[in-house]
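Take a look at the structure set out below.
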Number of protein chains: 2
Amino acid sequence: MTSAREFKNEVYSTFAEVTKALANPLRLEILDLLLQSPRSVDAIASAIGQSTANTSQHLQVLKRSRVVETRRFGTTIEYALVAGVSEVFVALRRLAEARHPLLDQAKRDYFGEASISRPALRAALASKTAVLLDVRPRLEFEHAHLPGALSIPIRELASRLDELPDDRLIVATCRGPYCTYADEAVHLIRASGREAVRFEDGVGEWVADGGAIA
Amino acid sequence: MTSAREFKNEVYSTFAEVTKALANPLRLEILDLLLQSPRSVDAIASAIGQSTANTSQHLQVLKRSRVVETRRFGTTIEYALVAGVSEVFVALRRLAEARHPLLDQAKRDYFGEASISRPALRAALASKTAVLLDVRPRLEFEHAHLPGALSIPIRELASRLDELPDDRLIVATCRGPYCTYADEAVHLIRASGREAVRFEDGVGEWVADGGAIA
DNA sequence: CATGAACTCAATATAATACTTGATTAGTGA
DNA sequence: TCACTAATCAAGTATTATATTGAGTTCATG
């Protein structure tokens, strides 16, 4: 019979297997990507700027602690978040931001763009004074998006600016608060003479908080 | 001007400072203790069965990542959780348990005790067919407890059994699902001829979920 | 100001992690 | 079967984390 102390050791060690999987910047970046949609190893590797081998090894770590799961399609293997992970991820990010206001500061310093909050966005959409523009790649948009959002991937935006109304505020959104696509979009749209701001959160936060998705 | 990649590195590295603090079994056990009430270094050290020096160093890690904070009282220094941490901790524990059913299994195998769920407890308390007994140390009880709970610390329970009603179900609760005091209490109370079960969660979970506290 | 208690710090040995390189496996299609 | 692509594995090195020991602080009290 094991002692109560051994039992505790086992419990907290098992618990720590999950937290250790989250204890690495690259793996957090990977989870942030997977929060949007499942991806292949190669796609993740190029998104985070790492070698395939290194990316694969990080993915093994996440898989071993059952934070992600895999499906095979021919020669490619698709990694996806396990249910329940997105809630923890978003909660953790909130905590990190509350403890380190510099995160927010760094973002502001770097981009200097205006952003719109969730309640303000809701109000603006309801009164039809704004439209929501999702600039993520088509696949991610199709996987999940906010209701009423327009989809123009950032790569196509420059050539499709004429699809945007010019009498409303354009609210650009992408993966999350650290995704820079929305900021690029704001630049582009403003250059065309329209008004634009970025959504201060992102699709990930909204969905994790139970926001309706289409 | 920093590149978008450097900005991302900074963001996820800062983020990982928090997750790294959680990536160790002893530190998780410490957080589980602090979820109940603030404590001195010595108290934590003896609770987790580690040297004062080692405990102090783990606490420094938690403090550096701003997961805990300190207050000095004379020669003793009290460590406490920072606001927002308990939510993350409980969410993480849920995820860990969902991924590792063995945790639950191990608990059941070891204790073999019956437990009562939250809705069932609410109903039983409302109909006055059960009383809730909190067996944590007095200080923790005073720091926060569930409404209507009776307080008899586990050490005093054997000599105070006559304070318990003998016509109602006694529901024992302590810190959390891995705290073994509640199981010991159930043993003792059953030996006195009364009916007893443990509460399947613990005070920590209930409070983190917004349950009313006295 | 000397003492003891509560805690922190510094130095060390050991163990675990991260990233690279190059080899290997699994599946696809000519 | 052969070549090609996607992914994993294995080995080596550099870095980082952990627990122990013993010394050093800080503060209340006589």
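Residue numbers start from 1 in every chain, and the chains themselves are labelled A, B, ... in the order their sequence lines are given, proteins ahead of strands.
- A close approach under 4.0 Å does occur between a side-chain nitrogen or oxygen of B/Gln60 and OP1 or OP2 of C/dT8.
- Atom CD1 of B/Ile77 is separated from atom P of D/dC27 by 9 Å (rounded to the nearest Å).
- Distances shown here put a side-chain N or O of A/Ser56 below 4.0 Å from the OP1 or OP2 atom of D/dT8.
- The environment of B/Arg160 atom CZ is dense: over 12 non-hydrogen atoms of other residues, nucleotides or ligands sit within 6.0 angstrom.
- Rounded to whole Å, atom P of C/dA5 lies 11 Å from atom CG of B/Asp42.
- Note on A/Tyr79: every side-chain N or O is 4.0 Å or more away from OP1 and OP2 of D/dA6.
- Using a 4.5 Å cut-off on side-chain heavy atoms (C-beta onward), B/Arg138 and B/Pro153 make contact.
- Distance, B/Gln57 CD to C/dA11 P: 13 Å, rounded to whole Å.
- With rounding to whole Å, A/Gln50 atom CD is found 12 Å from C/dT21 atom P.
- No side-chain heavy atom of A/Phe15 sits under 4.5 Å from any side-chain heavy atom of A/Glu17.
- Straight-line distance from the NZ atom of A/Lys20 to the C1' atom of D/dA17: 10 Å, rounded to whole Å.
- Taking 4.5 Å as the limit, some side-chain heavy atom of B/Leu132 sits within range of a side-chain heavy atom of B/Thr173.
- Heavy-atom distances to DNA chain C give each of A/Arg72 and A/Asn24 a nearest nucleotide, and the one nearer the 5′ end belongs to A/Asn24.
- Separating the CG atom of B/Asn54 from the P atom of C/dT12 is a distance of 19 Å, rounded to the nearest angstrom.
- Using modelled atom types, one side-chain atom of B/Ser65 and one backbone atom of B/Val61 make a donor-acceptor pair closer than 3.5 Å.
- The side chain of B/Thr75 lies closest to D/dA28, out of D/dA28, D/dT18, C/dG22.
- Residue B/His58 places at least one side-chain N or O closer than 4.0 Å to OP1 or OP2 of D/dA19.
- The CG atom of B/Leu26 sits 9 Å away from the P atom of D/dT18 (whole-angstrom rounding).
- Going from atom CD1 of B/Ile44 over to atom P of C/dA6 covers 14 Å, rounded to whole Å.
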